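On a predicted model such as this, the values are computed, not experimentally measured, just so you know. Residue numbers start from 1 in every chain, and the chains themselves are labelled A, B, ... in the order their sequence lines are given, proteins ahead of strands.
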There are 2 protein chains.
Amino acid sequence: MKKKTTIYDIAKELNVTVSTVSRALSGFPAISDATRQAVFEAAKKLNYSPNKLASALKSGRTYIIGVIVPSVQAHFFASIIHSIEEGLKNSGYRIILYQSNESVASEINGVKTLLEAQVDGIMASLSLETEDVAHFEEVIKQHKPLILFDRVHEKLKVPTVTLDDFKAGYMATQHLIKQGFKNIAYVTTVHQIRIFNDRLKGYKAALTDNNLPINEEHIIFGGLSIKDGKFGADKLIRSENKPDAIIAADDFTALGVIQKLKEIDEPLPKIGVIGFANEAFSAYITPSLSTIDQHPNQMGAECAKLFLNTMQNKPNQKVNHVVIDPSLVERESTKLKM
Amino acid sequence: MKKKTTIYDIAKELNVTVSTVSRALSGFPAISDATRQAVFEAAKKLNYSPNKLASALKSGRTYIIGVIVPSVQAHFFASIIHSIEEGLKNSGYRIILYQSNESVASEINGVKTLLEAQVDGIMASLSLETEDVAHFEEVIKQHKPLILFDRVHEKLKVPTVTLDDFKAGYMATQHLIKQGFKNIAYVTTVHQIRIFNDRLKGYKAALTDNNLPINEEHIIFGGLSIKDGKFGADKLIRSENKPDAIIAADDFTALGVIQKLKEIDEPLPKIGVIGFANEAFSAYITPSLSTIDQHPNQMGAECAKLFLNTMQNKPNQKVNHVVIDPSLVERESTKLKM
DNA sequence: TTGAAAGCGCTAACAT
DNA sequence: ATGTTAGCGCTTTCAA
């Protein structure tokens with residue numbers, strides 16, 4: 001079991017110094033073509049593989065970006081990760097993934113871990129639990145780029161990539177109204193996350209703009225999941241003023257709503273249902289779920305672009321906020337008129 | 001902008017040497033409690049954060065495991081990753097993710113990249129394209145644990161975690177037969193991946209065991225996707241000997257089959273359909289899709305366990321092959337008798 | 001129980 | 001165009 005080849009081995013092989021080898025390998029211009037070629041050949045011959053760790057330690061750059069998401073199991077986040085990687089391709093940067101599982105404690109640990117791993121920057125989408133964001137201050141203090149996407153926080157003055165969530169909420173509501181629904185309820189999370197608040201605001205604004213009353217009892221604050229959707233739907237259906245449509249703050253919750261409505265034999269889509277995120281299953285359930293597409297691929301691409309720009313040292317640039325336009329995906333679950 | 005705190009700063013603060021600080025921090029026993037406590041206090045006071053890079057360079061261990069999967073967008077792989085992380089929790093190991101996007105070229109690059117990042121080991125599930133696995137030899141040569149899961153390869157003599165795919169194929173077929181289907185077709189990938197071959201073998205064995213003929217024209221070799229499912233279904237329905245049930249090698253393909261059958265007004269579930277993987281959508285489509293659950297969470301947990309065992313240097317242990325038992329998820333798409 | 005010092009593999013300033 | 005050399009921050013052997 002021989003030791004791994006280092007640039008010293010290559011240097012010895014060619015009777016040059018390590019600096020020459022290092023320079024040849026890293027594309028330094030002032031190296032003769034002959035030397036460069038010899039170095040590459042020797043490297044190949046000796047089966048050389050660079051130790052990025054050593055390089056990173058010396059240069060202070062790891063070319064690794066930490067990405068924190070609540071969970072890869074949500075198709076939305078999986079898509080974002082996918083397109084972040086896509087956008088980083090050929091830039092030399094790679095990502096290291098950390099899942100918070102919607103827990104602040106885990107998120108705090110994630111930031112610490114990534115910082116210790118000397119990542120060159122962090123991209124994060126906050127957990128539902130996260131209210132205090134002090135744990136991210138250290139990233140900023142270390143002058144490492146921090147980019148927040150989707151679930152952002154106003155306390156952090158950093159570049160963000162978000163959906164226009166107000167518009168998203170407005171669109172969903174407006175769509176239902178246009179379809180002929182008049183008594184529209186809303187199931188959302190109790191957590192004070194900006195994006196969910198914004199969607200709710202959009203909902204309220206749309207109602208108001210259409211001279212429809214805002215009925216606070218029609219706004220259910222709970223969790224976001226199939227179970228919570230079932231719970232919310234049940235509560236709404238039993239309420240005195242039974243709604244004729246339900247907006248759920250995400251597709252999982254909307255799915256729960258649909259399941260409950262089926263369970264209790266409420267006619268669909270006579271009661272309209274719409275969600276957010278265009279999850280993997282949304283097109284295929286029955287009735288197929290109308291939803292607001294949040295364009296995760298675009299979000300991921302923008303995150304990558306933002307990061308790359310920041311690293312190119314555009315110096316005094318002001319903080320960037322990319323806002324993605326939501327789009328309506330009309331499907332059967334909101335087709336009142338057939 | 002002050003520099004980051006290092007163990008030297010702590011040493012200076014306390015008038016001890018770096019070795020003492022290093023030992024105190026790393027839990028070395030022969031350190032007086034007083035010193036240890038003083039070190040921890042100073043560390044806290046100076047806001048010290050260890051540089052794992054330096055530690056890794058010196059010690060030769062990064063505590064990072066590279067994980068290569070075709071894509072996180074498949075719920076199956078997302079679940080595996082999730083449970084690998086879960087299983088690694090508290091072990092000190094982190095994972096760095098690499099997506100091959102079903103491309104060998106990308107997979108080769110992934111191995112190279114991860115090795116350069118000095119990961120302590122690699123867990124991988126092969127791309128559909130992968131036939132030659134020479135690129136993984138280097139991992140073995142470096143004496144780093146390599147664990148293959150789900151999409152494995154016999155050329156690589158390494159620990160594996162797989163489903164009993166033969167049984168899975170057998171179960172799916174047997175289930176259809178039990179439900180009363182008699183003329184069962186099969187849509188699978190043209191790629192020579194063991195798990196898909198095994199499923200097909202299970203299918204054939206089940207037919208034979210039930211004295212049903214194997215009709216080679218009923219086995220469609222194409223891709224695995226919604227589109228391919230549609231294509232396969234179309235071809236099968238038009239064939240002379242029209243099948244009364246279709247097995248698709250994964251749920252996406254099964255979904256395509258169902259969509260095509262609906263499109264051409266074939267009655268469901270009079271034509272039975274079953275898939276593999278129990279994807280996120282499978283329970284919610286109409287008819288809900290019967291499928292074989294591959295227990296990704298169990299697979300991920302086993303991968304983590306296998307890795308941790310390997311690192312604990314159970315010395316002459318023979319290569320481990322964990323085989324997970326598939327289970328049948330009966331839903332509407334195979335309910336011939338109501 | 002603690003200190004001194006070498007060195008992990010690489011980069012980069014300073015020489016030549 | 002190439003060489004010399006000093007670290008990056010940490011671990012670890014040897015010595016005290």
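Across residues 21-46 of chain B, B:Arg23, B:Ala30, B:Ile31, B:Ser32, B:Thr35 each have a non-hydrogen atom less than 4.0 Å from an atom of DNA chain C (numbered order).
When each of A:Ser19 and A:Leu53 is assigned the nucleotide of DNA chain C with its nearest heavy atom, A:Leu53 is the one assigned upstream, toward the 5' end. Ranked by how close their nearest DNA chain D nucleotide is to the 5' end, B:Val18 and A:Lys58 are led by A:Lys58.
With hydrogens and angles ignored, the 3.5 Å screen pairs no side-chain donor or acceptor of A:Ser79 with any backbone N or O of A:Pro296. Checking side-chain atoms of B:Arg36 against main-chain N and O of B:Ala24 turns up a donor-acceptor pair under 3.5 Å. Using modelled atom types, no side-chain atom of B:Asp120 and backbone atom of B:Ile65 make a donor-acceptor pair closer than 3.5 Å. Put simply, the side chain of A:Asn51 gets close to the backbone of A:Leu53: a donor and an acceptor are under 3.5 Å apart. A donor-acceptor pair under 3.5 Å is formed between the side chain of A:Thr113 and the backbone N or O of A:Asn109.
Within 4.0 Å of B:Thr6, counting heavy atoms only, lie sugar-phosphate atoms of the nucleic acid but no base atom.
On the nucleic acid side, DNA chain C has its first and last nucleotide under 4.0 Å of a heavy atom of chain B at C:dT1 to C:dG9, going 5' to 3'. Chain A approaches DNA chain D over the interval D:dA1 to D:dG9, counting the first and last nucleotide 5' to 3' with an atom under 4.0 Å from its heavy atoms.
Taking 4.0 Å as the cut-off between side-chain N and carboxylate O, B:Lys155 and B:Glu137 do not count as a salt-bridged pair. Between B:Glu302 and B:Lys305, at least one side-chain N (NZ, or NE/NH1/NH2) sits under 4.0 Å from a carboxylate O, which counts as a salt bridge.
At least one side-chain heavy atom of B:Gln73 sits under 4.5 Å from a side-chain heavy atom of A:His75.
To the nearest 0.5 angstrom, A:Phe307 atom CZ is 11.5 Å from A:Ile95 atom CD1.
Contact detail for B:Ser100 and B:Ile68: the closest heavy-atom pair is CB-CG2, 4.4 Å.
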